Amino acid sequence: MRVAFILFLTLLGALVSFTVTALGQDRDQAVFAFGGRYVDGYFEHALAPLIADYEDNVVLGAGYQKFLAEPLPDFHLGVEAGLALRGGQQASGEVWAGAVARYDGWTIGEQLRISPAFTFGLSAVTNSIGVEAERAADRHADPGLLFYLAPEINLSAPDNPDTELFYRVQHRSGAWGTMGDMFDGHNAQVIGLRHHF
């Protein structure tokens with residue numbers, strides 16, 4: 001676990017260094033905050049907000065994004081880092097970092113812009129809570145460092161694209177036993193606010 005955490009910190013340091021180097025470029029940056037609730041189920045259950053079963057645990061988080069490239073019109077690639085407080089039955093901290101891809105080309109009339117995005121990286125937690133702790137105990141696994149996935153939908157007004165509302169699934173996973181001997185870790189449905197600058 002210690003080696004994995006050192007590798008994660010090295011990755012986070014490289015992303016921060018890359019981001020700081022790119023700050024002088026004329027690219028898109030964003031900060032965001034969110035809150036939500038953990039799902040008592042697997043990743044696919046977290047994708048259905050109206051029928052999901054929920055835990056008593058919640059998550060509050062914040063993050064930073066830096067978009068570094070636009071390989072196709074309205075398609076942006078960048079990096080993301082964030083921190084979260086997880087709690088309810090007991091408290092836990094989370095830090096994550098990864099690559100983010102986003103598409104800004106969909107609009108409905110002149111009232112709504114829809115921007116899907118996807119983040120992939122690594123997530124480290126101080127300790128497990130809820131169904132993640134149960135899954136770790138059942139497998140005698142270590143969920144301290146897992147893969148991180150965050151599919152999301154962003155909504156904004158075309159005349160004010162710098163501020164947006166988003167829905168995201170925070171997903172931690174061992175990718176079928178690849179990391180930490182975990183299969184699925186923890187899944188939360190969150191709603192947040194993002195500001196671009």
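Residues: numbered from 1 along the sequence shown. On a predicted model such as this, the values are computed, not experimentally measured, just so you know.
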Taking side chain as C-beta onward, heavy atoms only, is [X] less than 4.5 Å from [Y]?
X	Y	result
Thr119	Arg168	yes
Val79	Phe67	no
Met182	Arg172	no
Phe197	Asp162	no
Pro151	Val169	yes
Leu193	Thr163	yes
His76	Leu68	no

* To do: Verify the ring-centre separation between Tyr148 and Trp96: is it less than 6.0 angstrom?
  =>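 When the ring centroids of Trp96 and Tyr148 are compared, they turn out to be within the sub-6.0 Å range.
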* To do: Using ring-ring contact (aromatic ring centres under 6.0 Å, His included) as the criterion, list what pairs up with Phe166, not counting sequence neighbours.
  =>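 With sequence neighbours excluded, Phe166 shows a ring-ring contact (aromatic ring centres under 6.0 Å, His included) to Phe32, given in chain and number order.
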Among side-chain atoms of [X] and [Y], is any donor-acceptor pair under 3.5 angstrom?
X	Y	answer
His196	Asp28	yes
Glu152	Tyr167	no
Glu164	Ser115	no
Arg194	Gln65	yes

Considering all heavy atoms of both residues, which atom of [X] and which atom of [Y] are nearest to each other, and what is their separation?
X	Y	value
Leu145	Ala124	CD1-CB, 4.0 Å
Val125	Ser92	CB-OG, 4.1 Å
Arg113	Asp104	CD-O, 3.8 Å
Leu47	Gln189	N-NE2, 4.5 Å
Gly180	Ala141	O-CB, 3.1 Å
Arg135	Gly185	NH1-O, 2.8 Å

Side chain [X], main chain [Y], donor-acceptor under 3.5 Å:
X	Y	answer
Glu134	Asp138	no
Asn57	Ile129	no
Asn127	Ala91	yes
Thr126	Gly93	yes
Arg37	Glu55	yes
Asp184	Phe43	yes

* Report the C-alpha distance between Arg139 and Glu132 in whole Å, list the side-chain angles of each, state the deciding distance to 0.1 Å, and finish with yes or no for salt bridge (charged side-chain N to carboxylate O under 4.0 Å, His left out). => CA-CA 11 Å; Arg139 295 184 56 80; Glu132 182 178 78; over 6 Å; no
* Asked: If you round to the nearest 0.5 Å, how far is CD of Gln90 from OG of Ser128?
  ->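 Reported to 0.5 Å precision, the distance equals 8.5 Å.
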* Asked: Can you tell me how far the OG atom of Ser173 sits from the CZ atom of Phe183, to the nearest 0.5 Å?
  ->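 It comes to 9.5 Å.
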* Asked: Asp181 and Asp142: side chain to side chain contact (heavy atoms under 4.5 Å, CB included), yes or no, with the steps?
  -> CA-CA 7 Å; Asp181 198 29; Asp142 181 6; over 6 Å; no
* Who else is in Val39's hydrophobic cluster (ILVMFWY, side-chain heavy atoms under 4.5 Å, direct or via others)? ->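 So far as hydrophobic clustering goes, Val39 is joined with Tyr54.
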* Whichever hydrophobic residues join Trp106 through chains of side-chain contacts under 4.5 Å ->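 Leu72, Phe75, Leu77, Tyr103, Ile108, Leu112, Ile114, Ile153, Leu155, listed by chain and number.
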* Decide yes or no on side chain to side chain contact (heavy atoms under 4.5 Å, CB included) for Leu149 and Phe118, but give the supporting numbers first. => CA-CA 7 Å; Leu149 301 176; Phe118 187 82; 3.6 Å; yes
* Please check if Val59 and Val131 belong to a single hydrophobic cluster, counting links between Ile, Leu, Val, Met, Phe, Trp and Tyr side chain heavy atoms closer than 4.5 Å. =>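 No; tracing contacts between hydrophobic side chains, which count when under 4.5 Å, never links both residues.
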* Let me see the working for Tyr64 and Gln29 under side chain to side chain donor-acceptor pair (under 3.5 Å), right down to the final yes or no. => CA-CA 8 Å; Tyr64 169 79; Gln29 300 178 67; 2.7 Å; yes
